[in-house]
Amino acid sequence: MLIAVLPVATKIFIFVVPDCSDGPMGKISKRDFLKASGIAAASIAGCLGGNDQLTFWWIDGDSTEYQDLNDWIEETVEADTERQLEITGYAYSDLHQNVLTGGRQGTPDVIEGVIEHPGDYVAADIIEPLTDRTDEIPHFNGFLESALDAFRFQDELWALPYTGNGRAIVYNKEVLAEYGYEDGPPSEIDEFMELAGTINADYDDMNGFHLTTERGEVRATQEFLSHVYQHTDGSLYEWDGDGWALQADSDVFEAILGDIYYRLFHGDQPTASSAYQSAGYETNDIGFTEGEHAMIHCGPWINGFRDTDAQAEMLDEKVAVSLLPKHADASDATYMEVKPAMINTHSNDLESALSVASTFTSPETIERMGEINSGTVATPVHEDVESTLENEDYMAFIDAFENGVAPAPIAWGPVREGIYDAIEYVIFDEQTPAEAANELEQTLEEANVELNPNEE
Amino acid sequence: MGVIIFYPIVDGILTSFQMRSFLQPEAREFVFLAHYRALIQDGVFWTALWNSAVLTGVSVALQFLLGLGLALLLKQRVPGITIFRSITMVTWVLPVIVIVIVFNWLVQPGYGLVNLILAEFGLPTDYWFSNTTWAMPLIILMHVWKNAPFFAIALFAAMQSIPDELYEAAEMDGASAIQQFRYITLPNISYVAMIMIVLHVLYTFNNFDFVWLSTGGGPLRTTEVLPTYVYKQAFDQYLLGYAASIGVVMLIIMMMFTVIYVKLEDLD
């Protein structure tokens, strides 16, 4: 910044000086000197932290797709606050890390993120509670309570939601119809996996059912948790007054690892080719739209993968959605994803920051987002926004969102590592589902999930 | 010098004796050797250390051997060799992310070129980065592909500095090509070779991006190396103190190679 502004200040100074020398006195007047000094001082002050710009980091801050929306948000905020807004884009991992390392300096003023981020930021004293500020948000009363609940903990509201979804099964209805499942895949896991295994055996170039299983892939843990939530009817950890208590045990983990993850690649009729072990979300989502899988775990964003005519045809004519299959004693719960906007408590202008967050989460902004990517508003988090879902075959996404369970505000790092280990041990047949489940239960029992910096 | 170099190092070493969270790095509590005791019992740490050693040892050895072979080729006075010398450097100047994307694309199930060729011959196909046997060799291959040309150019430059008279005298004495290589070329490039080897040992042992971008340390931690493990401990688990203790172990190992490097430089 300093490097960028100093030459400009110097140029202004140089521009002013000759102008002065040509004056009637033939030398720099006191007034011009003061003018030039003032410009230079203001420029340097700007570099040293007196910058009047508001900053907002969100994942699509730099995307060309969202350029018009970002321009509109900047204009709206500038009109409202008389301060310039700079929107910057980061991948979530970088955004999260940069906020934790540099957020205390006051930049960014407003932070977008994923549902697991607010807990970390609260523990790091980086975000501002919004409980006492909700009156200043004109559209606050329209937010869905379930979406707001995802960001309520420690007796405070920490973020405003702007989009949400629940995970469901996205399936190729033409393929399933061949097997007599015109109304969607079976809801019971065993029958579901049998059908997937049969499809996989019958088709040379199509997996019956596919999940993301790549280590480090956030989706892998989200999909695993979807099935855990069916058994816990709440999050994996619940606050019991003294600390976070694990809600699932090795029996639950064994059922999920054995009936789903092991059967993906092993057993009499695996549901997917072993070439897809450890595959990431692109292989899952894009692969489905290209006909590589008959059924996948996914959210409404699947509707956005329309790079080719074949993909568009698939999404418009061959795809339908159903709730996730489940065990007989389980509920229809699934992983609920709600994305938040948060205010940096170290911002030098909390009022303006709130204006940015308010603008970003407003019904008008959400509707504009939906025009760019309909998946964003398939299951809107605000009652003044209508769902973009028109295709009757996609309506199960709405039920999935209503059944969604928001993750607890805990330290997810050790939990994710434990889940990755368990998934990998099972899909590579290094451990039996029972062994992996026992190890996972032990890992999660012993994991320090408290977001307390003094506990290591 | 103190602020730029010693303060961060001393702070890193101090952190390894402290309980310190990434969420609130200003809060510190001394735990003395607790992290080092935990390291000894941490199976993933030993796996990562072993994988780092394998990755470094095998890839630097291959880089040197291939680089040496390539340097001997570049030394030949044949038509078009200058263009070949320029092309040789292409892989070295490619960004790591580009190399990972290219290799990732090559081994994709369904449409990756490697799998298409294998399928053509009726051989089994796979997503090779997710194969517990082949993931590490693939990462080694990427390292070698990128760095062998740099070895070649450095060794070639060293060979260019050997006076022609030495070879002419050897020829007059009836020395074979292999004898000339053994008794003239090798001794004269050994200094540059050793420097290159030591530098690339340091680079490869500390390398994070190839592994992180291609496998993230999986599958089944078969490609977990110390830098990726440090990253996970610091930024996923928020355990700055524990991550720092792994960093200190890396520092000690790397210091040994640095001492070798400095000694080699002093030899001249």
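Note that the structure is a prediction, hence the values are computed from the model and not measured. Note on naming: letters A, B, ... go to the chains in the order of the sequence lines (proteins, then strands), and numbering restarts at 1 for each one.
- Remark: B/Gln233 engages B/Tyr229 in a side-chain hydrogen bond (donor to acceptor under 3.5 Å, both in side chains) (not counting sequence neighbours).
- Of all non-hydrogen atoms in A/Gln277 and B/Ser130, the two that sit nearest each other are O-OG, 2.7 Å.
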Go through the steps for A/Trp412 and B/Asp236 under the test side chain to side chain contact (heavy atoms under 4.5 Å, CB included), then give the verdict. CA-CA 8 Å; A/Trp412 281 96; B/Asp236 285 346; over 6 Å; no
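- Here the side chains of B/Phe235 and A/His96 are not in contact, with every heavy-atom distance at 4.5 Å or above.
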Could you walk me through whether A/Glu214 and B/Phe129 pass the side chain to side chain contact (heavy atoms under 4.5 Å, CB included) check? CA-CA 10 Å; A/Glu214 183 181 12; B/Phe129 275 120; over 6 Å; no
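- Here CD of B/Gln237 is found 5.5 Å from CD of A/Glu417. Values are rounded to the nearest 0.5 Å.
- Residue A/Thr283 touches chain B through its side chain alone, counting heavy-atom pairs closer than 4.5 Å.
- Between A/Arg104 and B/Gln24, the shortest heavy-atom contact is NH2-CA, 3.9 Å.
- Within 6.0 Å of CZ on B/Phe257 lie no more than 12 heavy atoms contributed by other residues, nucleotides or ligands.
- Crowding of A/Tyr281 atom OH: a count of heavy atoms from other residues, nucleotides or ligands under 6.0 Å not exceeding 12.
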Working for side chain to side chain contact (heavy atoms under 4.5 Å, CB included), residues B/Arg221 and A/Asp421: CA-CA 9 Å; B/Arg221 300 195 189 274; A/Asp421 281 339; 3.4 Å; yes
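- A distance of 6.5 Å separates CZ in A/Arg215 from CD in B/Glu224, rounded to the nearest 0.5 Å.
- Neither the backbone nor the side chain of A/Asp205 comes within contact range of chain B, judged by heavy atoms closer than 4.5 Å.
- Of all residues in residues 200-213 of chain B, none places a non-hydrogen atom less than 4.5 angstrom from a non-hydrogen atom of chain A.
- Within 6.0 Å of CH2 in B/Trp50 there are 12 or fewer heavy atoms belonging to other residues, nucleotides or ligands.
- Within 6.0 Å of CD in B/Glu26 there are more than 12 heavy atoms belonging to other residues, nucleotides or ligands.
- The 12-atom threshold is not exceeded at CD1 of B/Ile4, counting heavy atoms of other residues, nucleotides or ligands nearer than 6.0 Å.
- Residues A/Ala275 and B/Asp126 share a closest heavy-atom pair of CA-OD1, 3.3 Å.
- Contact record, A/Glu430 with B/Leu220: CG-CD1, 3.1 Å, taken as the closest heavy-atom pair.
- Heavy-atom distances place both the backbone and the side chain of A/Tyr425 under 4.5 Å from chain B.
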Pair A/Leu451, B/Tyr238 - check side chain to side chain contact (heavy atoms under 4.5 Å, CB included), show working. CA-CA 10 Å; A/Leu451 280 168; B/Tyr238 306 144; 4.3 Å; yes
